[in-house]
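Each remark here refers to the structure printed beneath this line.
The shown structure was predicted, so the numbers you read here are calculated from the model rather than taken from an experiment. The residues of the chain are indexed from 1 along the displayed sequence. Both counts, for ligands and for their atoms, begin at 1 and track the order of listing.
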Amino acid sequence: MPPSRRAASPAKSPKSTAKSPKKPAAKNGDAHGFEFGGPPGAVGVMFGLPLVVYLLFFACGRGACASDVPSALAALERLQSGLADPAALWSWEAAAVVFGWVGVQAAMNQLLPGAEVEGVKLRDGSRLKYRMNGHLAFWVSLGGCAAASSATLLGSAAVDLAWLYDHYVELATASLALSVLVATASYAMSFASGCMLADGGHTGYRVYDYFIGRPLNPRLGSLDLKAFCELRPGLIGWAVLNLGMAAAQLRDTGSVSGSMVAVNAFQLLYVWDALHYEQAILTTMDITTDGFGYMLAFGDLTWVPFTYSLQARVLVDHDPRLGPYALAAIVALDLCGYTVFRGANSQKDAFRRDPTSAEVAHLQWMPTKRGTKLLVSGFWGLARKVNYTGDWMMGLAWCLTCGFTSVVPYFYAIYFAVLLIHRAVRDDHFCSLKYGDDWAAYKKKVPAVFVPGLI
Ligand code: NDP
């Protein structure tokens with residue numbers, strides 16, 4: 001599953017109609033339940049999260065990296081003076097690169113071959129079609145970058161991936177502008193007649209609806225904006241940004257460190273995994289339930305590429321030059337995390353598709369009154385959210401490549417722990433509603449949430 005997820009989604013709510021309500025209603029807002037503290041919270045998050053992107057940039061980068069209280073205060077001053085000079089955060093060249101990149105990804109989405117598959121049944125009984133060519137688009141994108149950068153190394157090309165490092169903050173600003181544009185377009189499209197709205201996305205509080213996402217599946221022709229943004233420009237862009245950081249380290253220091261190779265490889269594996277298992281996204285809550293608004297547009301197009309590439313960017317100037325044993329331990333942690341993450345997710349996918357298939361036939365399960373079976377052995381017998389644990393272990397491995405001189409590169413592990421704990425609590429709540437007593441019985445059989453015998 002791609003990492004372009006927000007910490008929360010609108011609470012499940014009564015079925016909504018396909019048309020927007022005439023009367024904005026506090027009543028409607030109340031019925032659906034607000035996430036993020038309602039409209040004031042939405043405004044806070046809309047301005048707060050871009051600030052975090054800039055804060056991370058100024059906290060650790062060329063010249064300085066916050067490692068104690070005085071240097072953290074200095075980072076805040078850098079942020080303040082950076083924001084006081086917005087022209088320095090923007091360039092038309094970076095904007096052209098970001099918009100061009102998204103255009104190329106959209107073209108690949110439309111033109112590359114791929115199986116046409118149907119999404120889940122919508123509440124009007126219809127199913128949307130999606131073209132599954134993300135895995136191919138991933139390799140074509142990387143192939144293009146590799147060709148461009150190897151030509152650069154031979155001194156015969158105009159494309160230097162290290163440019164991404166030099167213009168990182170301008171690229172982030174351009175992505176932020178794009179996110180706002182996409183969210184605004186999506187919001188406007190939701191007023192077209194026949195547009196299906198997301199439950200919880202049409203409370204009538206405009207700022208909240210704009211933020212949380214009003215339309216369920218906005219499309220430009222056959223291009224599904226939500227599925228496209230979730231998996232393509234930001235996610236593949238993250239991998240390419242990382243390559244740019246490695247190119248900058250090579251240019252500046254004459255070599256690429258073990259940490260830089262490791263973090264590139266780890267995150268490339270993560271992005272590849274999301275695109276290789278692209279079809280899995282169609283059954284996620286993001287696609288089936290959540291609206292497409294600022295939160296997802298910003299998360300997919302700005303937050304993922306520009307906060308998830310933090311470690312590689314930090315390594316350009318602050319590489320701890322870890323020894324082979326430390327690197328080997330980090331690689332082991334990442335691979336262990338990946339094994340648990342992929343193993344658990346694949347086991348559940350296979351079980352949900354066909355519980356009698358050879359892959360999962362040996363596993364034990366318990367029946368439920370709801371009709372769906374719950375696994376109680378294999379990965380799912382270890383802990384109820386062991387897939388989250390594997391995911392977090394990988395995130396921790398990424399952070400560890402930066403050593404221990406600053407806490408800033410650990411932002412991801414901290415943020416992701418909060419996200420996953422919140423998500424686990426939310427899923428537990430929904431499962432107890434779905435399964436009733438059976439869920440309580442299941443929890444007795446598998447008492448651990450994240451780590452067997454511990455938590
Ligand atoms: P899960 O894959 O854990 O799915 C939860 C659902 O699985 C439950 O609602 C239930 O649905 C079913 N389920 C729960 N327990 C069992 C069981 N024992 N046997 C069979 N089915 C069970 O959650 P997510 O979709 O949140 O996460 C998927 C992956 O995505 C995770 O690995 C997570 O780490 C990752 N992720 C990554 C993010 C990122 O930003 N990098 C963000 C969020 C998630 P039902 O019974 O109805 O089938």
- Item | Residues forming a ring-ring contact (aromatic ring centres under 6.0 Å, His included) with Tyr294, sequence neighbours excluded |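 With neighbours one apart ignored, the set is Phe298.
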
When you measure from the heavy atoms of [X] to every atom of ligand 1, does any distance fall below 4.0 Å?
X	answer
Trp392	no
Trp303	no
Phe341	yes
Arg384	no
Trp365	no

Considering only heavy atoms of [X], which atoms of ligand 1 have at least one such atom less than 4.0 Å away?
X	result
Leu419	42 (C)
Tyr435	45 (P), 46 (O), 47 (O)
Leu374	16 (C), 17 (C), 19 (N), 22 (C)
Asp391	33 (C), 34 (O), 35 (C), 36 (N), 37 (C)
Tyr308	40 (O)

- Test Lys129 against Glu116 for salt bridge (Lys or Arg N to Asp or Glu O under 4.0 Å), laying out the working first. CA-CA 6 Å; Lys129 285 201 161 61; Glu116 292 272 336; over 6 Å; no

- Task: Evaluate the ring planes of Trp439 and Tyr442, with Trp represented by its six-membered ring, and classify them as parallel (under 30°), tilted (30 to 60°) or perpendicular (over 60°).
- Result: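 Trp439 vs Tyr442 ring planes: tilted.
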
Is it the case that ligand 1 has an N or O less than 3.5 angstrom from some N or O of [X]?
X	value
Asn345	yes
Trp380	no
Asp427	yes
Tyr415	no
Thr372	no

- Query: Do the side-chain N and O atoms of Gln311 and Gln267 include a donor-acceptor pair separated by under 3.5 angstrom?
  - Reply: yes

- Will you find, in the side chains of Arg370 and Tyr435, an N or O donor that is under 3.5 Å from an N or O acceptor?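 Yes.
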
Would you mind writing out the side-chain donor-acceptor pairs for residues 447-455 within the sub-3.5 Å range, not counting sequence neighbours?
none

- Query: Looking only at heavy atoms, is any part of Ala344 under 4.0 Å from ligand 1, and if so is it the side chain, the backbone, or both, or is it neither?
  - Reply: neither

- Geometric cation-pi criterion Arg342 and Tyr277, 6.0 Å radius, 45° cone: yes

- Query: Are the side chain of Ser346 and the backbone of Gly343 linked by a donor-acceptor contact shorter than 3.5 Å?
  - Reply: no

- Query: Is the shortest distance from a Lys or Arg side-chain nitrogen in Lys385 or Asp428 to a carboxylate oxygen in the other one below 4.0 Å?
  - Reply: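 Looking at Asp428 together with Lys385, the answer is no, because their closest N to O distance does not fall below 4.0 Å.
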
- Of Arg370, Arg342, Lys348, which has the heavy atom at the shortest distance from atom 12 (C) of ligand 1?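 Considering heavy atoms of Arg370, Arg342, Lys348, the nearest to atom 12 (C) of ligand 1 sits in Lys348.
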
- Task: Verify the neighbour count for atom CH2 of Trp101: are there more than 12 heavy atoms of other residues, nucleotides or ligands below 6.0 Å?
- Result: yes

- Query: Which atoms form the tightest heavy-atom contact between Gly403 and Pro320, and what is the distance?
  - Reply: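 Result for this residue pair: N-CG, 3.7 Å.
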
